[in-house]
Amino acid sequence: MRLLASNRLRLALCGLACALVTLVIYWPGLYGGFVFDDTPFILENPALQLDNPSFGDFVRAAMSFPAEHQGRWLTMLTFAANSHLGGMNPSWMKLTNLGIHLLNGLLLFLALRWLLRLFRLHFERQDLSETSIDRLALAISALWLVLPINLTAVLYVVQRLESFSNTFVLLGLFLYLKARTRLAETGQGLGKVILALVACTAVGCLAKESAILLPAYTAGVEFCLMSSALFRKQRHRIFALYSTLLLVPLAAGLYWLSTWIGTENSYPRDFTTTERLMTQARVWLHYIQWSLLPLPDSLTLYHDDFLVSRGLLQPWTTLVSIMGLATLLGLALWQRTRRPLFSLGILWFFTGHLLTGTVIPLEMVFEHRNYFPSIGLLLSLVALLAVEPMHALRRRALVSIFLLGYVFYGATTLMRAVEWGHPIRLAVSESSKRPDSPRAQLELARVLVMSAEGSTQSATLLAQAEAKMRHCMTLPQSSVVCESGLVLLAARAGRAAEPAVWDSIVRKFEGGVPAVSDAEAMKLLIECHLKRKCPDQSPQLARAMKAAMDGPRPHYLMISVNAGFASNMLRDNAMAEANLREVVRQLPDNSMARTNLIRYLIAMGRFDEADREVDALQPLNVFGSLDSRIEMLRGRSRRPGANPSPPRPKHRPHPGSSHESHHPGALLQRAGLPARDPRPSTARTGRRLPDRMAGGG
């Protein structure tokens, strides 16, 4: 008994030490600011600005994720709580993310401990004592906590979506493995197995839809560990369970995807589904290297310069990557009975990328997508070194390998955290690591412009910023965000942008599919002209908007922007109304789309029509989340008065890529006319920003 208590005490102390080391490693990064999608999703999301919130305000905040096809209500609610308690303080939000990450490390340890117990039961591995199991589970969890590729899931504030949804995945995995072991031993407890899967999957999907993969992860456990006679007694019940939990959601999911992928509501992309699948083969191999052997320049926030595979040999590494992944998967299937933990880890890696790495037209590369798949890679590696075969490496060799890996991963993550600890350091680092990334170059330009405020070297800094934007404009993957930044930067200096910049915008619109960021860029240029902050270049702006709208199927964001342009600059109210009604047609369940139309009708004095559209808002008023808006619109529609100019349509950003909206328009907004100091603010943000139109949930 004393020995058991002593082992538990040592285990607890080691776990506490790992948590403290993780805290120390990440601490420098807590002082950084908001980056990339943090701006539109959090900082400029008015629903999260809660001073004296009502219940309806919290409901509206929970439903405010500004992207189509996703809900993510639970995570948005945690952002609202952060905002209410501490204001728009990025450090407070990053610290919350770190707390979630540490909790996930604990849940991972518990899940792995029961996985190893189930493995011992299955293979009658009596050499695996409780102490050995605890050490192995702790080693994998400790490595995972400081794994460099997981940094963006912690310090990139909006990616709480990923880490928080995986809290429920890991909790469900732990509860499932515990109940499944009891079921194997006693034949009792199938209800707990089902409850663990159903409840944790359902709640996890409220944080982010990737939690729906939990039953697939546990199905991998069944496939790799449950082939012996000991487990065959429950096989028919387990088969029936997974027929329900996997096949039914799969059919429903495929139907749901068919309703929007490839339609006018799909994400605008310059690649086909086949090209995306070929590219992902190369991406997945990069993920494996970045997870297990990250090189100093390989891990970055931006990967928008990743080359799309246009054929099996374009580039030639596409075919090699497909063959490599097929070999790895075949090896995992072949070794399922001899090295089940190795096989399970590989299957977990593949399964973890089913949503983000297959047919859904998301952006190509983001590191946070490996938050769970990296667990599978570590499990496979540790299983090969320490568990399979039975007589693995000696203890001293294993301890040495663990310490070397832990120090290497921890030091790499610490260096990254230091970079993330200040916006200027991060921007310089990203730009030097990704010289062909438009986003990285534009972000550095933004920081240079902001640093020029009040600086004695203002002219030099602005010249460097302009050079970065011009370089960005020429990059193959760049959108018109870079050109728009040049227009705004020229306006800052009191001059008009040269014709070559506008010509580049038109060429890009004529030669490809306008992206989400393109719509945001044009919106900012229109606003700049309306506020008379830009020298009048209305003909060039009209030419650019026409090129954007002349495509075969303009995205609803661009249509919404064109409505504002038609109304406020062209004075073409018929075109503006047609655009607004088209957006409502495409997004019938979007409250902001209909609100924009109502505001237009009120401005035109068409109060009866406005009232009918307000009535159509009522079904969208979930738990009173739109009460204040509906009351305001009712008041305006029933109060005849002056007929002002129609308001510019407002909109929230479309995701650009699923759960990661990846919204470069926010970069442009700060690049041309910066309004904030580059240092992170610790004060509550009191300003209210206009709603942006998108399907909030």
Side-chain angles (χ1 to χ4, degrees), residues 67-69 210 253-254 256-290 298 300 302-329 349-370 373 434 436-440 474-481 507-519 548 551-555 557-558 654-664:
E68 286 296 311
H69 315 305
S210 54
L254 290 175
W256 173 71
L257 290 175
S258 70
T259 62
W260 64 273
I261 288 183
T263 71
E264 57 198 3
N265 289 331
S266 185
Y267 311 135
R269 295 289 181 239
D270 64 349
F271 51 78
T272 66
T273 300
T274 301
E275 289 171 341
R276 187 175 198 281
L277 291 172
M278 290 189 295
T279 306
Q280 284 301 303
R282 294 166 42 233
V283 171
W284 288 16
L285 285 185
H286 278 289
Y287 284 159
I288 294 173
Q289 182 249 302
W290 295 345
S298 59
T300 57
Y302 305 112
H303 294 280
D304 53 314
D305 56 344
F306 198 90
L307 183 65
V308 174
S309 295
R310 303 299 181 183
L312 291 176
L313 298 176
Q314 297 177 333
W316 63 269
T317 51
T318 303
L319 181 58
V320 174
S321 298
I322 293 173
M323 294 173 63
L325 289 177
T327 301
L328 182 61
L329 182 59
F349 172 79
F350 278 87
T351 302
H353 289 295
L354 285 179
L355 286 182
T356 59
T358 52
V359 298
I360 301 177
L362 314 179
E363 291 197 13
M364 288 296 185
V365 189
F366 277 101
E367 292 174 12
H368 63 261
R369 296 173 181 172
N370 291 274
R434 317 289 314 183
D436 295 328
S437 164
R439 289 171 180 166
T474 64
L475 294 174
Q477 307 283 358
S478 66
S479 65
V480 305
V481 178
R507 280 197 304 272
K508 288 183 178 180
F509 282 153
E510 290 177 344
V513 179
V516 173
S517 57
D518 294 325
R553 194 174 60 198
H555 190 259
L557 263 183
M558 191 65 78
H654 188 277
S657 78
S658 158
H659 60 316
E660 319 101 345
S661 135
H662 322 308
H663 180 57

Here the gap from Ile322 atom CD1 to Leu312 atom CG, rounded to the nearest 0.5 Å, amounts to 5.5 Å
With a 4.5 Å limit on heavy-atom distance, are the side chains of Leu285 and Thr317 in contact? no
Parallel, tilted or perpendicular for Tyr287 and His353, by the 30°/60° rule? parallel
What heavy-atom pair brings Val308 and Phe271 nearest, and what distance separates the two atoms? CG1-CB, 4.1 Å
Using 30° and 60° as the class boundaries, would you call the ring planes of Phe349 and Trp284 parallel, tilted or perpendicular? perpendicular
Pro514 and Met558 have their tightest heavy-atom pair at CB-CE, 3.9 Å
Test side-chain contact (heavy atoms from CB on, under 4.5 Å) applied to Arg276 and Leu362, step by step: CA-CA 9 Å; Arg276 187 175 198 281; Leu362 314 179; 3.4 Å; yes
Beyond-backbone contact of Asp304 with Pro438, side-chain heavy atoms, under 4.5 angstrom: yes
Minimum heavy-atom separation for Ser437 and Ala440, please, with both atom names. OG-N, 3.1 Å
Between CG of Leu277 and OG1 of Thr318, what distance do you get to the nearest 0.5 Å? 12.0 Å
Starting at CG of Asn370, measure out to NE2 of His286 and round the result to the nearest 0.5 Å. 12.5 Å
Any chance you could measure Ser478, atom OG, to Asp436, atom CG, to the nearest 0.5 Å? 11.0 Å
What pair of heavy atoms forms the shortest contact from Lys508 to Val480, and how long is it? CB-CG1, 4.0 Å
Is it the case that the side chain of Arg282 and the backbone of Leu307 share a donor-acceptor pair, with hydrogens and angles ignored and the cut-off at 3.5 Å? yes
Rounded to the nearest 0.5 Å, what separates atom CE in Met364 from atom CZ in Phe306? 8.5 Å
To the closest 0.5 Å, what do you measure between CH2 (Trp316) and OG (Ser309)? 12.0 Å
All heavy atoms of Asp518 vs all of Ser479, minimum pair found to be OD1-CB, 3.0 Å
Side chain to side chain donor-acceptor pair (under 3.5 Å) evaluation trace for Glu363 with His303: CA-CA 9 Å; Glu363 291 197 13; His303 294 280; over 6 Å; no
Measure across Glu275 and Thr279 and return the closest heavy-atom pair with its distance rounded to 0.1 Å. O-OG1, 2.7 Å
